[in-house]
*Asks:* 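Sharing a structure below in structure tokens format, with a few things to ask.
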Amino acid sequence: MRALDALAAGTAGLRARRVRATLSALGIAIAIAALVAVLGVAESSERQLLDELGRQGNLLTVATGKTFDGSPTPLPLTAQPMIARIPPVQATTAVGNIDGATVRRTDLIPPVNTNGITVLAAQPSLPQTLSVQVLRGTFLGPVAEQYPQTVLGWSAARSLGIDRLTEQTQVFIAGRYFTVVGILAQAGVAPEIDTAALISFGVADRLFGLGGVPTRIYLRVDPDQVAAVTAVLGSTASPENPRDVQVDRPSDVLLARIQAKETFVGLFLGLGAVALLVAGVGIANIMVISVLERRAEIGLRRALGAKRRDVAAQFLLESALLAVIGGVAGIGLGCLATLVAARLGGNPVAIPLQALAAGLVAALLVGALAGLYPAARAARLPPADALRTL
């Protein structure tokens with residue numbers, strides 16, 4: 001039997017039973033869509049993380065230990081100037097923790113309702129060093145050194161219910177109202193900034209007696225010299241107690257997030273494979289029923305000279321076509337789901353081509369395996385017994 005004739009015979013059953021074929025293909029489509037969507041969403045998210053990792057890979061932080069209540073202890077006043085003198089260091093900025101300061105929307109809110117917002121003194125160089133955008137307003141400038149102004153981190157602004165700024169937008173910090181002049185975007189590798197209200201070091205020194213002492217220093221270094229700078233940061237920041245200095249690379253957090261996502265991707269792929277197996281069993285069941293319903297057709301074809309391999313090829317091709325149709329539909333649905341998820345999450349759309357190819361191959365393989373038994377059963381039917389059903 002020629003290939004075109006085999007294709008026509010294989011599609012005849014599908015065209016005659018369109019509702020059944022559609023429902024059978026739908027199971028394959030859902031399974032393939034789940035597999036493609038999982039891989040696509042994971043790839044889009046990972047690409048976003050890798051882009052961020054590229055931007056933040058040369059960011060280091062320096063801090064000393066913590067007190068019994070969890071507050072960071074201050075660094076020496078000479079820490080930042082000494083770190084800035086390390087040749088590969090490109091930029092530095094520092095923050096100072098103000099212990100016991102609460103942030104509330106108004107003074108009518110009980111002091112215990114702090115929403116976990118901390119108060120940090122910050123330098124004007126913080127947005128540039130951390131690569132954090134100012135979503136609303138401006139960052140702390142010369143005026144903020146003299147007057148009570150604050151910039152809210154992304155999470156802090158949401159907790160306080162502030163999404164736009166006017167001249168009257170204020171928050172109550174440690175018994176005094178501060179004018180909110182800016183809101184920051186999310187700082188992916190510096191979550192302590194997201195949950196903080198930032199004020200200038202000048203105001204922090206004058207109102208809270210901070211004394212200009214930093215509790216954490218952020219620095220950008222030459223990407224090729226990260227390891228070398230990390231090795232000398234402790235002794236540079238605190239020559240007397242270098243072991244008390246904590247040096248961290250925030251990009252390690254992103255790497256951990258990538259690894260965690262890969263674990264969940266493997267789990268979801270396993271679930272998708274189970275769904276694909278169930279869909280394959282459904283196709284096999286439908287094909288067995290189709291063989292029983294079409295005994296007369298099989299007997300007539302055999303009586304007219306069709307060989308066993310021709311009958312087997314017909315049903316095997318029908319099963320494979322059914323799965324391929326579902327696979328193509330599933331790939332389309334999976335790509336659409338990836339596009340929607342990436343847009344909603346603010347990630348670049350990335351659909352790996354190998355996922356599309358794997359989805360189509362998996363559908364074809366499942367369809368072929370599901371059709372083996374029904375095809376063999378149809379081929380073994382004796383023509384005389386099959387014709388008795390006429």
Side-chain angles (χ1 to χ4, degrees), residues 46-67 70-98 118 120-134 139-140 151 153-154 184-196 198 200-201 204 210-260:
E46 184 172 336
R47 182 166 298 183
Q48 173 67 21
L49 287 174
L50 289 175
D51 290 343
E52 189 174 351
L53 179 61
R55 296 193 303 268
Q56 308 293 355
N58 65 335
L59 177 67
L60 299 175
T61 63
V62 177
T64 54
K66 295 183 178 181
T67 60
S71 302
T73 57
L75 292 163
L77 284 172
T78 58
Q80 186 179 5
M82 292 296 292
I83 290 174
R85 291 190 180 97
I86 302 175
V89 174
Q90 299 171 342
T92 66
T93 193
V95 297
N97 187 72
I98 300 175
T118 58
L120 297 176
Q123 296 175 340
S125 57
L126 185 141
Q128 182 178 2
T129 304
L130 293 182
S131 299
V132 179
Q133 295 181 348
V134 180
F139 197 68
L140 302 171
V151 172
W154 187 80
L184 296 179
Q186 283 185 290
V189 292
E192 63 275 5
I193 301 299
D194 290 337
T195 58
L198 307 175
S200 68
F201 267 91
L210 184 62
V213 178
T215 54
R216 185 180 296 269
I217 299 173
Y218 304 92
L219 60 146
R220 293 280 183 184
V221 302
D222 184 340
D224 297 329
Q225 301 294 325
V226 172
V229 174
T230 302
V232 301
L233 275 179
S235 57
T236 303
S238 181
E240 296 181 355
N241 301 293
R243 294 184 179 180
D244 294 338
V245 177
Q246 297 180 354
V247 179
D248 296 318
R249 189 177 180 182
S251 57
D252 293 340
V253 177
L254 296 179
L255 291 174
R257 287 167 61 185
I258 291 176
Q259 293 175 354

*Asks:* Kindly give the heavy-atom pair with the smallest separation between P242 and P239, and that separation in Å.
*Replies:* CD-O, 3.5 Å
*Asks:* Just wondering, do V134 and L184 contact through their side chains at under 4.5 Å, heavy atoms?
*Replies:* yes
*Asks:* Going from OH on Y218 to CG on L130, what distance comes out if it is rounded to the nearest 0.5 angstrom?
*Replies:* 6.0 Å
*Asks:* Quick one: do the R85 and T236 side chains pair a donor with an acceptor below 3.5 Å?
*Replies:* no
*Asks:* To the nearest 0.5 Å, tell me how far L60 CG sits from T230 OG1.
*Replies:* 4.5 Å
*Asks:* Can you tell me if Q246 uses its side chain to pair, donor with acceptor, with the backbone of A63 under 3.5 Å?
*Replies:* no
*Asks:* Checking side chain to side chain contact (heavy atoms under 4.5 Å, CB included) between Q123 and each of T93, V95, L140, which is the one that passes?
*Replies:* T93
*Asks:* What distance separates L59 CG from T129 OG1, expressed to the nearest 0.5 Å?
*Replies:* 8.5 Å
*Asks:* For a quick test of reading the model, state the closest non-hydrogen atom pair linking A237 to A79 and the distance between them.
*Replies:* O-CB, 3.6 Å
*Asks:* Atom OG of S238 and atom CG of L233: how far apart are they, to the nearest 0.5 Å?
*Replies:* 12.0 Å
*Asks:* Looking only at heavy atoms, what is the nearest atom pair of V247 and G234, with distance?
*Replies:* CG2-N, 4.2 Å
*Asks:* Of all residues at least two apart in sequence or in a different chain, which pass the side-chain hydrogen bond (donor to acceptor under 3.5 Å, both in side chains) check with T92?
*Replies:* Q80
*Asks:* With rounding to the nearest 0.5 angstrom, report the OG to CE distance, S235 to M82.
*Replies:* 9.0 Å
*Asks:* I would like to know whether W154 and V132 meet side-chain contact (heavy atoms from CB on, under 4.5 Å); could you show each step before the answer?
*Replies:* CA-CA 10 Å; W154 187 80; V132 179; over 6 Å; no
*Asks:* Identify the heavy atoms of P124 and P127 that sit nearest to each other, and give their distance.
*Replies:* O-CD, 3.4 Å
*Asks:* Among residues at least two apart in sequence or on other chains, which ones pass side-chain contact (heavy atoms from CB on, under 4.5 Å) with P88?
*Replies:* I86, D222, Q225, V229
*Asks:* Could you check whether any side-chain N or O of D194 sits under 3.5 Å from a backbone N or O of G153, counting only pairs where one atom can act as donor and the other as acceptor?
*Replies:* no
*Asks:* List the atom of G96, the atom of F201, and the distance in Å for their closest heavy-atom pair.
*Replies:* N-CZ, 3.7 Å
*Asks:* Can you tell me which residue among T215, I83, V213, I217 is in a side chain to side chain contact (heavy atoms under 4.5 Å, CB included) with L75?
*Replies:* I217
*Asks:* So, taking the atom named CZ in R216 and the one named OG1 in T61, what distance separates them when rounded to the nearest 0.5 Å?
*Replies:* 5.0 Å
